[in-house]
Amino acid sequence: MTDAPLLNVSNYSVGFKTERGLARAVDGVSFTIGAGETLGIVGESGSGKSVLNRSIMGLIASSRQIETGSVLFDGSEMVNQDRQNFWGNRIGMIFQDPMTSLNPVMKVGKQVAEPLRQHLGMSKRQAIERTIELFTNVGIPSPAQRTKQYPHELSGGMRQRVMIAIALAAEPEFLIADEPTTALDVTVQKYILDLLNRLQAEHGMAMTLITHDLGIARGRTDQVLVMYGGRVMEHAPTEELFTHTRHPYTEALLASIPRLDHKKHARLTPIPGAPPNIVEPPPGCRFSPRCKYAQARCVQSSPTVDGAEHRYACFFPVGTDAGAEALASNRAAGETATGLKMSHFEVDA
Amino acid sequence: MAGSGTAHMRPGESDVLLSVEHLVVDFPIGARRVLHAVSDVSFDLRQGETLGLVGESGCGKSTTARAIVQLPPPTSGAINYKGTDLVQLKGENLRRMRPEIQMIFQDPISSLNPRRKVFDIVSEGLSIWGGKARRSASQRRVAEIIREVGLDPEVARQKRSHEYSGGQCQRISVARALVLDPKIVICDEPVSALDVSVQAQILNMLEDMKERYGIALLFISHDLSVVKHVSDRVAVMYLGKLCEIGDGDLIYDQPAHPYTKLLLAAVPDAANKHASDDDAFHGELPSPIDPPSGCRFRSRCPRAEAVCAEQEPQMAHAGAGDHWVACHFPLSGHDPNN
């Protein structure tokens, strides 16, 4: 990390006023990203990872939204400010679904050229030339012809390349990639991720990569933030997070994933229950109802995210004496403090 | 891949439940043009066996599954189920076969009727097939199966599908399929729409159910790790053809088809031993309207030679055990060119 991080998010919360009460979609999140760095944000649906990034970007235009905390981008405060002048030239964004995020009735070339003219004041001819150059850069074959096509004439992988070309058109310093490959086949996914890595290296661009795929997070990021129910559960440099996992949620996620090196019919260890309701979150730690380490303390109070390099929010972390004792006492009792049967976790090989 | 042939079939074995032979599904797309969705695919399924079908979107895996249940019927080919060719069955005779082969779809929420109580959705099949005399027995059976998939039958009497989460809806789909006591369940991307924590619950449940009822599964997914987990045998498809078929552990350990190898190399998994290979795909997926001659994978294959354009490779034994590949230049440990 550099001395002054490019993006400094501290104690940032986003809530939505709903009829049933305030939905705390993002709750007290802090992290920093330096120039050229990649932060992976991992979590299930409803964990707040997309809302976090969209509201940092200022894309949620709702009078029901409440933002608190601080987001400094290159020293300037963004929370509750108009962020439109950051779009495109300083912060770019790639969305999950390349079909619905492109304009279906506009030729793709024009969709790339438009921000070039608007943000960089290029002439029409310059913008077209630059578009063809960008298409070549992101690996679109016969780029000149492709600029004259509509989104429906392109495959999913091609559309995502167009999205990337748009996001990178004005050479932003920071790119938010929200599940950029979820809708794509593995082979295309690899191409797109390789492409992002290459472009990032060329331009020294910082990036947040939002994904639910821990394999992608592990292979493509410098640091990883694990979110659950709007809160940060664990945050560490990537290798550290995967080799010295501390949070029971991260551990449980890792155990639930089918892996290539498992033998066939290997038993998976699922996480019992379902992700939390963010309008009425469970008391104490939000993961406690699904956690095999849960003790009475976890229901009574919420752990804060502590630590320097490797931060985590847990009273009984994995790989520590406290965690081992908690697990042993739950095994002896046959259930956790939240009433979860330990038999859910005892999976025979 | 891009191969045909039937060397991998197991016709002599008595417990073969379903055998799909030379399946072809074409869709006319106007102007006398034809989209070749599935071209000469053959495979068989034993009792209690899981066959995983993998491939990229558009390779014809879902079309293959649907053709088995005659939705729509294939253009040509035979689908032998317990000695009957399903393709030849019409009307009432075909209807009578339907309880035995059930399907589970990808989107758990849109595949359930939003206006009906979940209990009624699950019992619908039995009220059609069970007859009036066994009404109370069938109610008990429905409650039992809902409990087996991990839900509360009393709650299911009150609630509609939108009141359940995605994972719970997929449990309901499984209950709806199993209540008819099928011999084969076709699962078309059953966990693709679910979060990883819930995905593991559903995969374990499917394995339990398969064990308990001795059903055979045809499991379709684009996720290679998921397929590896649930399958006894794995079949890899590309552009409407089978590339490689055989024992899951053998294929994942030593893929013989260049396509399978590239597919495996692309999986983001820290333990992926194929990932170090830096061969990449050449070009784009060709159109199934005008597929390449010979081997359909040749236009993107790093090993393609002239013969690949002229001759279509046939399924042949690849090395040891239950492992079959359709390739002129298969990869293998004993390959002198390797």
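Order of the sequence lines sets the chain letters (A, B, ...), proteins ahead of strands, with each chain counted from 1.
- Contact tally against chain B (heavy-atom pairs below 4.5 Å) for A:Q189, A:H262, A:R218: the top residue is A:H262.
- The closest side-chain heavy-atom distance from B:H222 to A:V186 is not below 4.5 Å.
- To the nearest 0.5 Å, atom CG of residue B:L203 and atom CZ of residue A:R267 are 10.0 Å apart.
- A salt bridge does not link B:K228 with A:D261: none of the charged nitrogens is closer than 4.0 Å to a carboxylate oxygen.
- Proximity to chain A (any heavy atom under 4.5 Å) is restricted, for B:V230, to the backbone atoms N, CA, C and O.
- Heavy atoms of A:L260 lying under 4.5 Å from chain B belong to its backbone as well as its side chain.
- Looking at B:S57, both its backbone and its side chain come within 4.5 Å of chain A, counting heavy atoms on both sides.
- Other residues, nucleotides and ligands contribute only 12 or fewer heavy atoms inside 6.0 Å of the CD atom of B:E211.
- The shortest side-chain heavy-atom distance between B:L262 and A:T187 does not fall under the 4.5 Å cut-off.
- Summarising the geometry of B:S197 relative to A:S256, their closest heavy-atom pair is CA-OG, 4.1 Å, with the distance given to 0.1 Å.
- Listed by chain and residue number, nothing satisfies the ring-ring contact (aromatic ring centres under 6.0 Å, His included) test with B:Y252 (two or more places apart in sequence, or in another chain).
- The two residues B:N204 and A:P270 have their closest heavy-atom pair at ND2-CD, 3.3 Å.
- Contact check for A:P258 versus B:Q199: side-chain heavy atoms found under the 4.5 Å cut-off.
- Separation of atoms CG (B:D195) and CG (A:L253) is listed at 9.0 Å; rounding is to 0.5 Å.
- Every pair tested for ring-ring contact (aromatic ring centres under 6.0 Å, His included) that includes a residue from residues 136-164 of chain A fails, sequence neighbours excluded, so the list is empty.
- Remark: the backbone N or O of B:D249 is not paired with any side-chain donor or acceptor of A:K264 at under 3.5 angstrom.
- Side-chain contact between B:K210 and A:H265: present, with at least one pair of heavy atoms (C-beta onward) separated by less than 4.5 Å.
- Contact annotation for B:D253: neither backbone nor side-chain heavy atoms come within less than 4.5 Å of a heavy atom of chain A.
- Neither the backbone nor the side chain of A:R220 comes within contact range of chain B; no heavy atoms are under 4.5 Å apart.
- Ranking A:M158, A:R259, A:H212 against chain B, the residue ahead of the rest is A:R259, based on heavy-atom pairs under 4.5 Å.
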